[in-house]
Structures are given as structure tokens and as C-alpha cells.
Peer 1: 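Pasting in a structure now, in C-alpha cells, and then I'll have a few things to ask.
Note that ligands are numbered from 1 as they come in the structure, with each ligand's atoms numbered from 1 the same way. Residues take their numbers from the sequence shown, with the count starting at 1.
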Amino acid sequence: MTDTALPPVMPGADEPTADPDQGKAVFERDRAHVFHSWSAQDQIAPTPIAAARGSRFWDYDGNSYLDLASQLVFTNIGHQHPKVVAAIQEQAARLCTVAPQFANDKRAEAAELITSYAPEGLNRVFFTNGGADAIENAVRMARIHTGRPKVLTAYRSYHGNTTTAISLTGDPRRWGNESAAHRDGNTAHFFGPYLYRSHFYATTPEEESERALAHLEQTIQFEGPTTIAAIVLETVVGTAGILIPPPGYLAGVRALCDRYGIIYIADEVMAGFGRTGKWFAIDHWNVAPDLIAFAKGVNSGYVPLGGVIISDAIHDTFRQQVFPGGLTYSGHPLACAAAVATIEVMREEQIVEHAAWLGENVLGPGLREIGARHPSVGEVRGLGAFWALDLVKDRQTREMLVPYGAGGAAAAPMNAVLAECKKHGAWPFTNYNRLQITPPLNLSEDEAREGMAAIDKALAVADKYVVES
Ligand code: PLP
């Protein structure tokens with residue numbers, strides 16, 4: 001085997017051949033030359049991945065992991081789906097790339113398919129390379145369309161890593177980017193609904209919805225309604241906690257946007273393309289935003305792709321006026337061919353319906369049952385293939401197992417829980433005090449039960465930190 005070859009994963013073969021020496025070589029080359037995201041470079045030890053298939057991946061030592069994170073919540077149809085791999089290969093053989101100023105068959109087909117799942121009146125797609133630039137361009141469209149500068153977002157949010165997107169981000173990843181040179185100054189934050197840790201002293205979903213809307217309206221009034229171009233909202237907040245909006249909240253946001261002439265931008269980068277058991281998460285609440293940002297699940301991340309779905313009214317602004325933005329790889333044929341194939345596979349295999357079924361019948365009941373037995377689990381919430389366990393030191397006070405924004409030694413309890421999950425062959429997503437379970441949408445029932453059994457064992461580690469009041 002050459003030092004760049006992967007161990008073979010043949011259809012029907014269960015496991016790739018272990019090759020620890022090769023794994024060590026990959027690790028050393030990575031550490032010598034690769035600069036990693038969101039990290040102090042000397043404090044990380046990235047696991048070299050040898051191969052992946054379906055809901056599983058392997059390291060070079062022969063260990064396999066159930067991918068309960070879908071990598072970074074993007075392999076919605078699992079790894080190496082043969083139809084999507086074949087579509088990429090076919091497109092590569094036919095036409096790898098063309099510049100965005102030309103028309104391209106796969107780009108047009110992808111846009112048509114994507115808009116076919118959007119609410120009525122959203123008929124155009126501006127393609128980007130990922131989620132942050134989708135948000136960046138959606139905000140630019142809203143600012144030009146309204147002639148207003150400011151954008152409001154929730155504190156509990158992540159919107160990406162370009163200047164505007166990171167300024168909009170509510171979570172602590174924004175803090176390191178706040179120097180004057182790196183801040184889009186026309187951004188302001190508000191608290192969205194989160195009943196378990198209500199900012200509004202609410203005790204019911206209805207109260208939370210009503211009070212969160214009143215707080216948002218006050219924020220609009222104090223920021224100056226005529227200065228606000230857009231509100232950007234993750235339909236279901238992803239990284240910052242799998243927070244499902246209570247009844248009436250999104251309709252209320254839509255109504256506030258209409259009242260004050262504000263553009264409603266739905267960030268569906270993580271929640272879109274089946275993650276919640278609907279094609280778009282907004283379909284749960286029948287609300288039509290003006291712009292929808294998407295990425296990740298649109299082609300399961302096989303080739304980088306994102307975009308903005310645009311309402312007819314905003315599209316009209318740019319019929320005669322130039323949209324002052326563009327990207328060399330906007331609508332890249334390989335990425336769009338992967339999107340077309342992914343969406344077709346999701347339809348044929350009823351993957352979105354499966355995600356809804358899995359949430360209702362397997363993950364939801366299973367995680368709640370496990371949560372009830374572990375004193376470290378404060379709340380289990382989610383839908384579809386999008387779940388979070390909110391871990392606590394104390395169920396009464398709801399004190400978080402590790403504090404918000406915790407890193408280094410303060411994060412040790414969560415690191416121990418994650419290490420225990422991995423020891424039992426499951427790789428979930430963690431963020432501060434939360435274990436997040438976001439597997440491929442086509443995870444089988446047996447795989448889901450296997451993953452939950454690993455989490456059950458790992459929670460015994462979290463329980464050790466519990467201090468009942
Ligand atoms: N918006 C949301 C809700 C996300 O979860 C992410 C990434 O995790 C982004 C935007 C940014 O996407 P990308 O990393 O593709 O730029």
C-alpha cells in the first residue's frame with residue numbers, strides 16, 4: 001500500500017484492514033503541516049480516519065465508530081452512498097467545472113429541486129461554497145433590498161465564520177473575533193426561546209413563546225425598527241443546543257418582520273434537508289421566510305456546497321440592479337451533481353420520512369428512557385435525527401455539568417464523557433454541557449440502539465459529577 005492509499009472498504013466487507021503504522025504517518029504529517037479550525041494547535045490530536053461507510057467510520061487501528069455526529073452534522077445520507085459517489089464520478093468524467101457566468105445543467109437541476117421543497121414564492125437559488133457565505137450573502141441581499149444596515153440574531157446561535165456570519169453568531173466562538181477589524185458592527189443579539197433555561201421566567205411553552213416575542217419586539221424598538229434589515233434565526237438552533245421553537249414563536253417572528261419591514265432569514269444550514277424529519281425545519285411550523293440559507297445536508301457534504309433560496313420580492317430588487325457579490329465556485333458542477341443525486345436518493349429511499357420515524361419511535365423514546373435513569377441528564381429534547389442531552393450537576397438547580405463557554409480544565413467532565421462514548425464505539429457531538437445525537441438520517445434501528453447503549457454507559461461517567469442539592 002502506498003502512503004496515500006486508504007485501506008480497502010469493499011461493498012459487503014465489514015471492516016477495513018487495520019494499519020497502525022499508516023495511521024501514525026498520517027497523524028505526523030497532519031501535525032507537521034495542517035492548521036486546524038477552532039483550536040490551539042499544540043493541544044489537539046486529530047484522529048486519522050481510514051475509511052467510512054454508511055453510519056460508521058474507522059481509524060487506522062481497526063476501531064470502528066458509529067458516527068452519531070454525522071461528522072459536523074452534514075452526512076445526512078451517511079458516508080459513501082454508492083449512487084452519490086457514482087454521480088460525482090460521472091460528472092467528473094463529463095465536466096468537472098465551469099465558471100458561474102455560464103449556465104450548467106446540474107446547477108439548474110439542483111436549483112429547481114431545492115426550490116421545489118421551499119415555501120411558495122421562493123424560486124431562485126444563489127449558490128455558495130458553504131453555510132457562512134450563504135449567511136453572508138443573504139444578509140447582503142437583505143441590506144440592499146431594505147436599504148437598512150442592522151441585523152438581529154439570537155445569543156444562542158452559530159451562523160458561520162466569515163466576518164458578518166461570526167459577528168451574527170451568538171455563541172462564544174464570536175468572542176475571539178471581536179477586535180474592531182473583525183466585527184460587523186451592525187449586528188445585535190436577543191434571547192430566543194429556551195424553556196428549560198428560560199430567560200423569561202416562563203413555565204409553559206406558551207408563556208415562553210409569548211414572552212420571547214415580547215422581548216424580541218422590545219429589542220427591535222430599542223435598536224430602531226427603521227435601521228433593521230433582517231432577523232437571522234436558526235429554525236431549530238443546532239450547535240447551541242437543539243432548541244425547538246415553542247408553538248407560535250416563528251409565526252410571531254414572521255409577524256414582527258412584516259410589521260417593521262424586516263427581512264426574515266431562516267438559517268437552515270444544519271436543520272435543513274431532512275435533519276428534523278421534514279425537508280426544511282420551517283415545514284413543521286408552516287412559516288415562509290424571505291430568504292433561506294442552506295448547506296451541509298444539501299449534498300451530505302460530499303462536495304462543498306451552500307446557498308440562499310430567494311423570495312420573488314427580493315429577486316425583483318436585483319432584476320435591473322446589480323447584485324454586488326459572487327464566488328468563483330458558485331454552483332460548482334461537481335457539488336451540484338452531488339446535490340441532485342443526494343436529493344434523488346433521499347426521495348427514493350424515503351430518508352426524510354425515516355428520520356421522522358426514527359425520532360418518534362426510537363431515538364426520542366430511547367433517549368428519554370436513558371435520561372430518566374441518569375441523574376446527570378437534565379433534559380432530553382429533539383426531533384427527527386436531531387437530539388440533545390442537557391447535562392447537569394444538579395437536576396433541581398439545573399446547574400450545567402460544565403459552564404457555558406467552558407474550555408480547558410473546566411471542560412474536563414464533558415471530555416471524560418466523550419472519551420467514554422468513544423471507548424464504547426460511538427462518536428457523538430458535544431458542545432459545552434450537551435451531548436448531541438445527530439446521526440445520519442438513514443441510521444438503522446439496530447444502529448440507533450447500539451449508539452444509545454454506548455451513551456447509556458458513558459452517562460455513568462457524567463453521573464459521577466452530580467451533586468444533589
Ligand atoms: N449556520 C449554521 C446553523 C451552522 O450550523 C453552520 C455550521 O455549522 C453554519 C451556518 C456555517 O456553515 P459552514 O461551516 O459551512 O460555513
Peer 1: Under 4.0 Å between a Lys/Arg side-chain N and an Asp/Glu carboxylate O for Glu90 and Lys83?
Peer 2: no
Peer 1: Would you check ligand 1 and list the protein residues that come within less than 4.0 Å of it by any heavy atom, ordered by chain and number?
Peer 2: Gly130, Gly131, Ala132, Tyr158, His159, Gly160, Glu234, Asp267, Val269, Met270, Lys296
Peer 1: If you draw the axis of the six-membered ring of Tyr404, does the NZ or CZ of Arg156 fall within 45° of it and under 6.0 Å from the ring centre?
Peer 2: yes
Peer 1: List the atom pairs, donor and acceptor, that lie under 3.5 Å between side-chain atoms in residues 377-392 and the rest of the protein, sequence neighbours left out.
Peer 2:
residue, atom, partner, partner atom, Å
Glu379, OE1, Arg381, NH1, 2.7
Arg381, NE, Gly241, O, 2.9
Arg381, NE, Ile242, O, 3.1
Arg381, NH1, Asp390, OD2, 2.9
Arg381, NH2, Tyr194, OH, 3.3
Arg381, NH2, Gly241, O, 3.0
Arg381, NH2, Asp390, OD2, 3.0
Trp387, NE1, Gly384, O, 2.8
Asp390, OD1, Arg197, NH2, 3.0
Asp390, OD1, Asn433, ND2, 2.7
Asp390, OD2, Tyr194, OH, 2.5

Peer 1: Tell me whether the rings of Trp279 and Phe273 are parallel (<30°), tilted (30 to 60°) or perpendicular (>60°).
Peer 2: perpendicular
Peer 1: Is the Phe200 ring parallel, tilted or perpendicular to the His215 ring (thresholds 30°, 60°)?
Peer 2: tilted
Peer 1: Below 4.0 angstrom, N of the basic side chain to O of the carboxylate: do Asp184 and Lys150 qualify?
Peer 2: no
